[in-house]
Number of protein chains: 2
Amino acid sequence: MTFGSADERTVAGSPGDVLTLIGTGSATTRADLAKVTGLARSTVSQRVDALIEHGLVEETDNGESTGGRPPRRLRLHTAGHVVAGVDLGATHCRTVLLDIGGTVLATREDTIPIAEGPEAVLAHADERIKGLLAEAGRAPATLKAIGIGVPGPVEHATGRPNNPPIMPGWNEYPVPEFFAGRHDAAVLVDNDVNVMALGEHRNAFPGTGYLLFVKVGTGIGCGVVAGGRLHRGAQGSAGDIGHIRVSGHDDAGCRCGNSACLEAVAGGAALARRLTELGYPAETGADVVALVQSGNTQALRLVREAGRLIGEVLAGLVNFFNPEVIVIGGALARVHDHLLAGIRETIYRRSLPLATHHLVITPSRTGVDAAAFGAGLLAIEHYLAPDNINRIMEALPS
Amino acid sequence: MTFGSADERTVAGSPGDVLTLIGTGSATTRADLAKVTGLARSTVSQRVDALIEHGLVEETDNGESTGGRPPRRLRLHTAGHVVAGVDLGATHCRTVLLDIGGTVLATREDTIPIAEGPEAVLAHADERIKGLLAEAGRAPATLKAIGIGVPGPVEHATGRPNNPPIMPGWNEYPVPEFFAGRHDAAVLVDNDVNVMALGEHRNAFPGTGYLLFVKVGTGIGCGVVAGGRLHRGAQGSAGDIGHIRVSGHDDAGCRCGNSACLEAVAGGAALARRLTELGYPAETGADVVALVQSGNTQALRLVREAGRLIGEVLAGLVNFFNPEVIVIGGALARVHDHLLAGIRETIYRRSLPLATHHLVITPSRTGVDAAAFGAGLLAIEHYLAPDNINRIMEALPS
DNA sequence: CGACTTACGTTGATCACCGAACAAAGAAGC
DNA sequence: GCTTCTTTGTTCGGTGATCAACGTAAGTCG
């Protein structure tokens, strides 16, 4: 027998918790903190002083008075702490430097095939990170954590890719160890769709408990947020919806060896191939988007039909998972008017009313840097996690 | 921006946490507790003394010596605290009395249509609970919590059924309030499949993080355990997989208004109807089971085919959710040899190898009282939750 | 039958946290 | 412009939870 676990308590008052409250904006002054945590004002002051001494918090201007002494506002001290987010795709590497408040300091994008293998690609990314640090005028030692999104399943606890189909040479490669001697920073590795889901959740839907982020690009994948956290599943392969079967397409073979997979009929590569067959040459999802935007009715029809097929799969997942928000991202979402129409139509037809009543289905609000940004958030959240902060402050009693 | 929440810390040491460790068997002696919690032995003794004074813990025989003084074993004091679990079905009411160690003290089953409405049915259940208390020789005041599983979606936080299709008169009915004047006990209400999933998880797979419990009865439903806890979704309707579309059965109309729903082609009612059409009269899932057990090859064929269809849906969910264990329960699981064969066959064919590599697919190990027992566990876990214990002990400083 | 090992209680010391008093800084009223 | 009030934040002694060290209990081992 097992009981409920020990978390889920009322907001605790450790230094790390106090910092989290300041970072999230849940409390911006000492008096606020006292109210929210239930600690005495004196204790709060003591905690805040320690955080300020460690360079994690700073005082800003005074707030508005409400009839008495105006409060001193507190916020994260973003100067001495930055993180990097890295988005590795099949052929690209996007890098972003964030301060721990989540502000973008610098970005970089370039082309490198992930098939060149982990050493080459990670060395490349490391060069870019160093470049961004220099560009933003931040000392290398201020880099506190690195988040990396990769196009395949990852065992998040160890940072090792787990039989990734499109990353030759990366299987079981210990990514964090690569950076061990190069930076004094934690390295967090996750699937690219997961970090996009995280970024979208934290940015656009922070209060939401249950969110699906669907990326429609060459393939189709899904990031899952449950209870405000990423759901990775037992092997870290959760959200792999590209190979779920759809009705009526048993003739469509998929690279996975099965037929009628969602990806094989509604992915960007599949749409491009069918458009080529119809006499409109296209290779990638971007080409499909271009055809739609140029007014090609066949392309438009295909995208809408793809939306219906994606919607069929999502309708099942809505019943099963009961999310509050579904976000559609990826290359094909750039023509989201047509894609979403098909998706919405099918979900509202095939899902249970109770599950769709408050369901929001929306295009992604984050841009091309979504994955790198989400990877950066992963890094920030690790660095600012209460436990980590408590450890840091115990290690350096200042 | 939001950060990771404040839970997920190392095992804390509040009295409630200590009790949880004793209850789960994670630590059975004072010395154990000191090791696990990191508290000083003196502090642990103090905590344990308080728990004993409150009648929550008792000392048993001495344990085995490992070369020194033998430890005094601790366990939950089950005498003064019992809970009730209630399983309400379409036509039945099963009641079980458990001590807080999870031991069954008494059970009762009888027939009452849930359509008689909440007052009548709950009054009936309350009578049964009182009967079980008397039968087990426990004072009414020792009843600390009541768990109830109902055949429909529930808003778990308030205990109100949420547009349940087969529970006329129950919509929005505040179940906990019904018991307010009758017992000084918390009332937890949840979907019946959820409590079955909980029972199965705690009993058979306590270490598992991600488990699906699939109930194949008249209809088809699914309870979801994620991260060791029940996943209920945004509206509490998660796991409603009976109306997910399956391929190649577009002619099969469903009571929900759509066609090709899993339930409409593989549910017990659907199988019974088709067997009747084939000349083998059957009304319920139990009749189908009887036909299979009597060696009817048509029934056997249908059950196996139903397994394949259920497997098709589950294959998609395995990709999406990446569970470690899938448990098959419900009336039709009594012929699980045939049902599981079809399910396994399809899942291993259609799911990703990474997700199926360590996947266990197994029939339920819990019997006919699974739901009532699971409801009782829900009650126990609420009562023994660290926060609740801490509140109790602060309220009565003894 | 002592030496050793492990378990548990006791006790003075320590440290985190609290609450009350005090200081700071503005608003409101005259 | 002054006093009074309100809210914020700090200082400081007091209190209680927790700890580490020691002492006692109760076994095993040679």
Side-chain angles (χ1 to χ4, degrees), chain A residues 9-19 21-22 26-54 57-75 386 389-391 393-395 397-398, chain B residues 6 9-19 21-22 26-54 57-75 386 389-391 393-394 397-398:
Chain A
R9 60 193 60 245
T10 51
V11 186
S14 76
D17 295 323
V18 170
L19 183 67
L21 291 169
I22 296 172
S26 312
T28 58
T29 72
R30 290 172 174 83
D32 263 11
L33 285 166
K35 261 175 224 140
V36 174
T37 62
L39 296 169
R41 289 208 308 279
S42 48
T43 309
V44 169
S45 274
Q46 186 179 300
R47 293 277 153 77
V48 170
D49 289 348
L51 287 167
I52 291 176
E53 276 206 34
H54 278 82
V57 166
E58 62 183 351
E59 289 187 336
T60 65
D61 56 326
N62 283 359
E64 287 287 292
S65 164
T66 58
R69 171 174 172 173
R72 279 188 245 167
R73 280 239 192 76
L74 303 170
R75 69 172 175 204
I389 293 296
N390 291 342
R391 272 195 307 117
M393 298 194 57
E394 278 170 28
S398 178
Chain B
R9 60 192 61 245
T10 51
V11 185
S14 75
D17 295 322
V18 170
L19 183 66
L21 291 169
I22 296 172
S26 312
T28 58
T29 72
R30 291 172 174 82
D32 264 11
L33 284 166
K35 260 175 225 140
V36 175
T37 61
L39 295 170
R41 289 205 307 280
S42 49
T43 310
V44 169
S45 275
Q46 185 179 303
R47 292 278 153 77
V48 171
D49 288 349
L51 287 167
I52 290 177
E53 276 207 33
H54 277 83
V57 166
E58 60 182 352
E59 289 186 337
T60 65
D61 55 327
N62 283 359
E64 287 287 292
S65 164
T66 58
R69 170 174 173 174
R72 277 187 246 167
R73 280 238 192 76
L74 303 169
R75 69 171 177 205
I389 293 295
N390 291 342
R391 271 196 306 117
M393 298 193 55
E394 278 169 28
S398 175

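In the text below, chain A, chain B and the rest are named by the order of the sequence lines, each starting its count at 1. All of these numbers come straight from a predicted model, not from anything done at the bench.
One atom, CD1 of B/Ile52, and another, C1' of C/dG9, lie 13 Å apart when rounded to the nearest Å. Counting to the nearest Å, the P atom of C/dC8 and the CZ atom of B/Arg73 are 11 Å from each other. When the P atom of C/dC8 is taken as reference, atom CZ of B/Arg47 falls 17 Å away, rounded to whole Å. What separates CD of B/Glu64 from C1' of C/dT5 is a distance of 15 Å, to the nearest Å. The CD-P distance, from A/Gln46 to D/dG13, rounds to 15 Å in whole Å. Rounded to an integer number of Å, the gap from A/Glu59 CD to D/dT8 P is 15 Å. The distance between atom CG of A/Leu33 and atom P of D/dG9, rounded to the nearest whole Å, is 9 Å. The CG-P distance, from B/Asp61 to D/dA26, rounds to 16 Å in whole Å.
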N/O donor-acceptor pairs under 3.5 Å from side chains in residues 59-66 of chain A, not counting sequence neighbours:
unit_1	atom_1	unit_2	atom_2	d
A/Glu59	OE1	A/Arg72	NH1	3.4
A/Glu59	OE2	A/Arg30	NH1	2.9
A/Glu59	OE2	A/Arg30	NH2	2.7
A/Glu59	OE2	A/Arg72	NH1	3.4
A/Ser65	OG	A/Gly67	N	3.0
A/Ser65	OG	A/Gly68	N	3.2
A/Ser65	OG	A/Gly68	O	2.5

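Residue whose closest nucleotide on DNA chain D sits further toward the 5' end, between B/Leu39 and A/Arg72: A/Arg72.
For the side-chain contact (heavy atoms from CB on, under 4.5 Å) test, residues two or more places apart in sequence or in another chain that qualify with A/Ala50 are A/Met393. Listed by chain and residue number, B/Leu21, B/Asp32, B/Leu33, B/Val36 satisfy the side-chain contact (heavy atoms from CB on, under 4.5 Å) test with B/Ala27 (two or more places apart in sequence, or in another chain). Residues forming a side-chain contact (heavy atoms from CB on, under 4.5 Å) with A/Ser42 (at least two apart in sequence, or on another chain): A/Ala40.
Atom CD1 of residue B/Ile22 and atom CD of residue B/Glu58 lie 11.0 Å apart, to the nearest 0.5 angstrom.
Nearest heavy atom pair, residue B/Asn390 against residue B/Ser14, reads ND2-OG, 3.1 Å. Among all heavy-atom pairs drawn from A/Thr29 and A/Pro71, the shortest one is CG2-CB, 3.6 Å.
Evaluated for a side chain to side chain contact (heavy atoms under 4.5 Å, CB included) with B/Leu74, the options B/Val18, B/Leu19, B/Val48 yield exactly one hit, B/Val48.
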Query raised in the report: Given the rule in the side-chain contact (heavy atoms from CB on, under 4.5 Å) test, do A/Thr37 and A/Asp17 qualify, once you have shown the distances and angles that lead to the verdict?
Result: CA-CA 9 Å; A/Thr37 62; A/Asp17 295 323; over 6 Å; no
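The side chain of B/Arg30 places an N or O atom within less than 4.0 Å of a non-bridging phosphate oxygen (OP1 or OP2) of C/dG9.
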Measure all distances between protein nitrogen or oxygen atoms and nitrogen or oxygen atoms of nucleotides 1-3 of chain D, and list the pairs falling under 3.5 Å.
none

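Comparing D/dG9, D/dT10, C/dC8 against the side chain of A/Asp49 picks out D/dT10 as the nearest.
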**Report entry** Sugar-phosphate or base contact per nucleotide [nucleotides 20-30 of chain C; S, B, -; heavy atom under 4.0 Å]
**Finding:** ---BBBBS---
